[in-house]
Each structure stands twice: as C-alpha cells, then as structure tokens.
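When a residue number appears, it is its place in the shown sequence, counting from 1. No hydrogens, no waters, no symmetry mates; every other heavy atom, side chains included, goes into these values. None of these values were measured; they are calculated from a predicted model.
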Amino acid sequence: MQVSSLNEVKIYSLSCGKSLPEWLSDRKKRALQKKDVGTYKPRVRCYDTYQLSLKFERCLDSEVVTFETLSDDYSKIVFLHNDRYIEFHSQSGFYYKTRIPKFGRDFSYHYPSCDLYFVGASSEVYRLNLEQGRYLNPLQTDAAENNVCDINSVHGLFATGTIEGRVECWDPRTRSRVGLLDGALSSVTADSEINSLPTISALKFNGALTMAVGTSTGQVLLYDLRSDKPLLVKDHQYGLPIKSLHFQDSLDLILSADSRIVKMWNKNSGKIFTSLEPEHDINDVCLYPGSGMLLTANETPKMGIYYIPVLGPAPRWCSFLDNLTEELEENPESTVYDDYKFVTKKDLENLGLTHLIGSPFLRAYMHGFFMDIRLYHKVKLMVNPFAYEEYRKDKIRQKIEETRAQRVQLKKLPKVNKELALKLIEEEEEKQKSTWKKKVKSLPNILTDDRFKVMFENPDFQVDEESEEFRLLNPLVSKISEKRKKKLRLLEQQELHEKEEEEEPEGKPSDAESSESSDDEKDWVEEVRKQRRLLHQEEKVKRQEQLREDRQTVLKPQFYEIKAGEEFRSFRDSATKQKLMNKTLEDRLKLEAKNGTLSISDTTVGSKQLTFTLKRSEQQKKQQEAEKLHRQERKTLRRSAGHLKSRHRRGRPFH
C-alpha cells in the first residue's frame, strides 16, 4: 500500500503495483512491468463488492463512450458506443441495440418521463422514450455541436454544454429553452492565456441551484442558477480539458479532474484541499457515496483505487481498510523499493563491497546506496557464515532488555508538588497493572497534559498540607505522606548517583508489605480520632484568643443621624420583639392571652376555639375615632330633623 500526503491529507493507493525507483530507465521499468504493456478488447466487467470478486464479464462490439445504469442493480444498463449505436443490457446479457443519426458524446436519463437525451456532433438533442419504445421530436439548440449534458435530480432541468462554450438550459415539460450561460466569456480572467475558444467539457448539478461547469482550457466555473455570473472560477493550470466533476457535501469540496490530476478544493473559497496525480492519464473519476474511497479509470488495464480517510470512512464492504490505515499511522515506515536493498557505507565495508562504489551495481541515494536484493543475499551468505552466532547474540540481547524493563526506573519528578506527582505516577502504574485496563476508556494523564503544566511549575500552586480542609479530606495523609517522603528521599539519592550506574534497589518482602497493610487498617480509627482532637484543640485556642482580644478592645459611643420624616423607635421595643420571636408558639399564645389580645374557649363539641384581637396602630385609632365622631354627628342631625317634621305636622310654629 503506497501512501502519499499533501497539505497533511493522507492518500492510500490500494491498487499500486511494485514500487520502482524513479532513477530506473524506461526500458528497465517496462521489463519489470511486462503485464502493463498491451491493449485489451472492449468489454464490461461487473464486480460483487461484498464478495470482492468478479461477477461477470461481457465483450462488446465497439468501444464505449459512456454508459449509465437505469436501475438500482445491474439489470438495466445503457451503453453509448463510438459507432452511433446504443446498446441495452439486461441481467442476462445483451437485450437490444438501436442507432442515433449522429455520433453521440453523452446522454442523460429523465426518470419522470422515461426519456433518454443524447447529445453529440449535432445541434439537435435526440430523445428516446423507453416506455413507448420510439424516438420523440428532438430539441433544437443554437449550437453547432453539443459535448456534455446533465439533468437536475431536484426539479428536472436539462442542461447541455456546447462547443461554443455556452450552457443551454431546457425545461423537459414544455420542451423550450429557459436560460443561457456564457461559460467561455466568464472563464477568461486577467491572468489566463487563451490560445483557442474554450468549449464546455464537463457539467454537474448539485442540489437545486448549484451547477459546476468545466471547460476545455482547464477552468472550473461554479454557478448559482439565479445568476448568469459565476460565483467562483478555478484554474487547473495545466491547460487540459476538465473530464469529471463531483461534489463532496460533508466538507464542502469539489473534485475536478483532467487527464493528469485530480484536485479537491473548497467550493466557497477555492482553496486547495489536496490533489492526486496518478502515473497514467485519467479518463473518468468516481467517488463512492458517503465514504472516502475514490476510483479512477485510467489508460491502463488496472483501475486506480484510492482511500482518503479525511473524506469519510471506508465502505461497509471493505471496512478493514480503517484498521489497516490506523496501523500504518501508528507504525510509519520509510519508503522501500521492491527488489532493492538500501545499504550504508558501513554495511558495504562489512560485506567487502566497497570496491563497487561508482559501479552500476550501486546507486547512490542520500546517505547510502541501493543494490539488487539478490546480490545482497548472495554476498551476505558468503561473507557471514556465522549467522547463527549473530542470531543467538540478538536473542540474548532481547532477553537482557526485557529484564531491564522490569527494574525500578528512576522517575524525574517536578519541582513543585512532588508528592502529588508521585501519587499520580503510582495510580497510573496501578491502572496499567489492573486486568480491566482494556475495558475502561483511557483518560489523559495530568502530568503529561499541557493544561495542568503550570500546577507543577508555579510555586503558587503548592498544596498546603497543614490547612484544615486538606486534613479533613485526608485523615490518613500523615501516614501516607511519610511513605511518599521516604520514596522522595530515595529518588533524590538515586538522582545524585552517576547515570551510568544501574543498581537495583532491594525491595521489601511480601510479608512486610502485608503486615504494613494490616497495621494501616488497625490504625485507621485512631488516626481519625487523633486528627479530630487536634482540630478541636486548635479551634479552642482560636476562640480563647478571640475572647482575649474582645476584652482588650474599648467600645466607644457612636452617634447616628435620623433621616427627615422618620420616627425613632426605642431599642427596647426591638429587643422585646426579638425576644418574643425567639419564644415558642405556646409561650407566645400565653403572653397574648395575658395581654387580652387572645381568648381561648371550649366549644360544645369538645374542640378549642381561638379568638384574636388585632392590635391597631395610632393612625388607625385616630381614623376610628373620627369615624365614630362623624357617626354621632349624623345621628344628632337626623334626630333634630325628625323633631322639626313632627312639629310641622302638628301645626306648631317654629321658634
């Protein structure tokens, strides 16, 4: 599998053969690739992707210009040949053949009406209705010839690219032209050099309003159908006709290809994403839907198959590609040519081949040479008869390295929070030793995370182990910290020794470790009680010091100014109210009953009845007195008026 990278986008070539050096002559390349020489008969091959095998192969009478499948499977296929014939194939094989008046170059299928639209070396667009089985009246364009065509899958608009560099849009329902775009004029920019009139060589719709147009001079124009001016013009800089256009919606990319290169660029900004340049000329490009697999039809019997993980996952029928690419990314390897061995000058001295430097047997490359792999194996067998001894030494060296890995390694601890760092290292080692390591998702280590780097460098982040919060959260911190401090002393002593000396410190026996663990369990309660007593003593000392300071302080009288419009209420009322609020409900009820604002009586049914008398403020009392006085005056007036009326009825005079 060959890997290439451009703009940090990796492209895996799945169909590459032997990797040959570029400095080999063309004659040697042809000798090593004999199978790539020659032509082949016109034929069509169908592959079963789930079985990864060839399903069938059919030979044809003439070369195919283009073809299209009309069904979801291979049961309905239409081929356009270069001899004006249109061939229909069913699931069993050849079905029917017919002919069009002019040589065809492209065709599209209109699903709502079952019409095939053919364009070619004519100004007419031929229509073949598959439901009726006959030709319909053609569409008459203003162009001399038409190169490509496409039908919008959303609203059914038919577009054809002409040899004059224009795009004509037709409505299949009314069979009339509804729009005209001049791509040749729009493709000419200030930096472009034009030697001939650009023609339309590729056409592709995306959605309801977007259309990409490729010209014969290597430009790609991106249109919004609501405007006759292109949104963007992208130049391939090769001057070759654009042969294929594809849209990649997940990353907003456009894949445009000429016979030399496949370019992937952003459709909004035109910025290049990556590019792909096969060894042979490209005829067509196919992007597998919803994946990162790209297939190219080249001027060679072998198709180009590429996998780009950035574009999407591998198809379901070849999901193993994701695992292969992940392994290659984890273990990157340098480029190695097949049938050749790279050797350094020291290797040549060991083999006794230094006299071949400068001869055709060695080809200088970077810091060494390339030589034929067969010559290398022959010389190595002759020069090194003691290969078994070297193999034995390598095995011994591997065993020694394995035992060294089991020794206690020196740990480089940071300057700040050494005990915390040692604790994190111990926890990491315990996780690595545990059996459920593979089941649990691995979390990032704080020591290696850049976000927490300052915590082990800045002294302001030093953990205060004497603080009350730390001691309450860690009741046995003293016991554990003593062990870690001992470890820290040992590590500091080991760092003082020379780096070349590798001494294995003696470990404690298993009995001692088990006894220590049991002692820790026994001392748990005692340590917690001890910490609590110490905290209570510290709090008692703090309270005594606070009382002593309060006694020494002398209180001075303070004066406050009352705002205008406010009345002063004595502190005695507020104190009485505060005392009343602190009492229970029973005491407050007794006090209210004593003051006469509450009366408790028994009812006939045996329950209690409470009667409350609400206290009135001074303002309410004044208002009630005024109302009472007013009622008395009205009564007096009514009495005097009644007295006068009675005297008037009796005929008595008024005095």
Side-chain angles (χ1 to χ4, degrees), residues 1-6 8-38 260 275-280 298-302 304-307 321 323-405 499-500 502:
M1 187 184 292
Q2 192 177 21
V3 185
S4 60
S5 178
L6 179 65
E8 298 181 357
V9 178
K10 289 191 176 182
I11 303 174
Y12 297 89
S13 178
L14 308 178
S15 60
C16 64
K18 286 188 174 183
S19 180
L20 300 175
E22 296 179 357
W23 39 263
L24 280 181
S25 63
D26 294 338
R27 183 178 178 182
K28 288 186 177 180
K29 285 183 179 180
R30 286 195 298 269
L32 293 171
Q33 294 178 337
K34 290 181 181 179
K35 294 183 180 180
D36 294 342
V37 180
R260 186 172 179 179
S275 62
L276 176 63
E277 192 169 357
E279 297 180 2
H280 306 279
N298 309 319
E299 287 292 336
T300 177
K302 186 185 294 185
I305 306 174
Y306 303 91
Y307 177 50
L321 286 177
N323 298 331
L324 291 177
T325 53
E326 287 177 2
E327 290 177 2
L328 289 175
E329 290 179 359
E330 291 176 358
N331 302 317
E333 296 180 358
S334 57
T335 304
V336 179
Y337 297 116
D338 297 329
D339 300 332
Y340 285 88
K341 174 69 176 177
F342 181 80
V343 291
T344 61
K345 191 173 182 180
K346 187 177 181 181
D347 296 334
L348 293 176
E349 291 176 357
N350 296 333
L351 297 173
L353 298 177
T354 53
H355 62 282
L356 294 179
I357 297 176
S359 65
F361 294 100
L362 296 177
R363 172 70 65 170
Y365 182 77
M366 295 180 70
H367 63 284
F369 306 89
F370 274 114
M371 67 181 298
D372 195 293
I373 190 68
R374 294 169 294 179
L375 177 61
Y376 174 78
H377 286 312
K378 286 181 181 179
V379 176
K380 191 173 182 181
L381 289 174
M382 294 171 61
V383 174
N384 192 6
F386 304 102
Y388 175 74
E389 293 294 333
E390 292 184 0
Y391 174 77
R392 184 171 175 273
K393 289 180 181 178
D394 291 338
K395 285 294 182 183
I396 294 172
R397 193 179 301 111
Q398 290 178 4
K399 291 291 184 182
I400 293 172
E401 292 296 333
E402 290 177 0
T403 55
R404 284 179 179 175
K499 294 183 180 179
E500 297 179 357
E502 297 181 1

Query raised in the report: When rounded to the nearest 0.5 angstrom, what distance separates CD in Glu277 from CD1 in Ile11?
Result: 11.0 Å
Report summary line: Rounding to 0.5 Å, atoms OG (Ser13) and OH (Tyr307) come to a distance of 14.5 Å
Validation: residues 342-349 side-chain donor-acceptor distances under 3.5 Å, sequence neighbours left out:
from, atom 1, to, atom 2, distance (Å)
Thr344, OG1, Asp347, N, 3.4
Thr344, OG1, Asp347, OD2, 3.2
Asp347, OD2, Thr344, N, 3.3

Requested in this report: Kindly give the heavy-atom pair with the smallest separation between Ala364 and Phe369, and that separation in Å.
Outcome: CA-CD2, 3.7 Å
Query raised in the report: Distance-only, no hydrogens or angles: does the Asn298 side chain make a donor-acceptor pair with backbone N or O of Thr300 under 3.5 Å?
Result: no
Requested in this report: Can you sort out the partners of Asn323 under side chain to side chain donor-acceptor pair (under 3.5 Å), two or more places apart, ordered by chain and number?
Outcome: none
**Report entry** side-chain contact (heavy atoms from CB on, under 4.5 Å) against Leu6, all qualifying residues, sequence neighbours excluded
**Finding:** Thr274, Ser275
**Report entry** Interatomic distance, Leu321 atom CG to Ile305 atom CD1 [nearest 0.5 angstrom]
**Finding:** 9.5 Å
Report task. In sequence, state the C-alpha distance, the side-chain angles, and the governing distance for Met371 and Leu356, and then conclude on side chain to side chain contact (heavy atoms under 4.5 Å, CB included). Result -> CA-CA 10 Å; Met371 67 181 298; Leu356 294 179; 5.6 Å; no
Report summary line: Value for CG (Leu362) from CZ (Phe370), rounded to nearest 0.5 Å, stands at 11.5 Å
Requested in this report: Could you tell me the separation between the NZ atom of Lys302 and the NE2 atom of His280, rounded to the nearest 0.5 Å?
Outcome: 8.5 Å
**Report entry** Euclidean distance, Tyr340 OH relative to Ile373 CD1, rounded to 0.5 Å
**Finding:** 11.0 Å
Report task. Considering non-hydrogen atoms only, spot the tightest contact between Gly304 and Ser15 and give its length. Result -> CA-OG, 3.5 Å
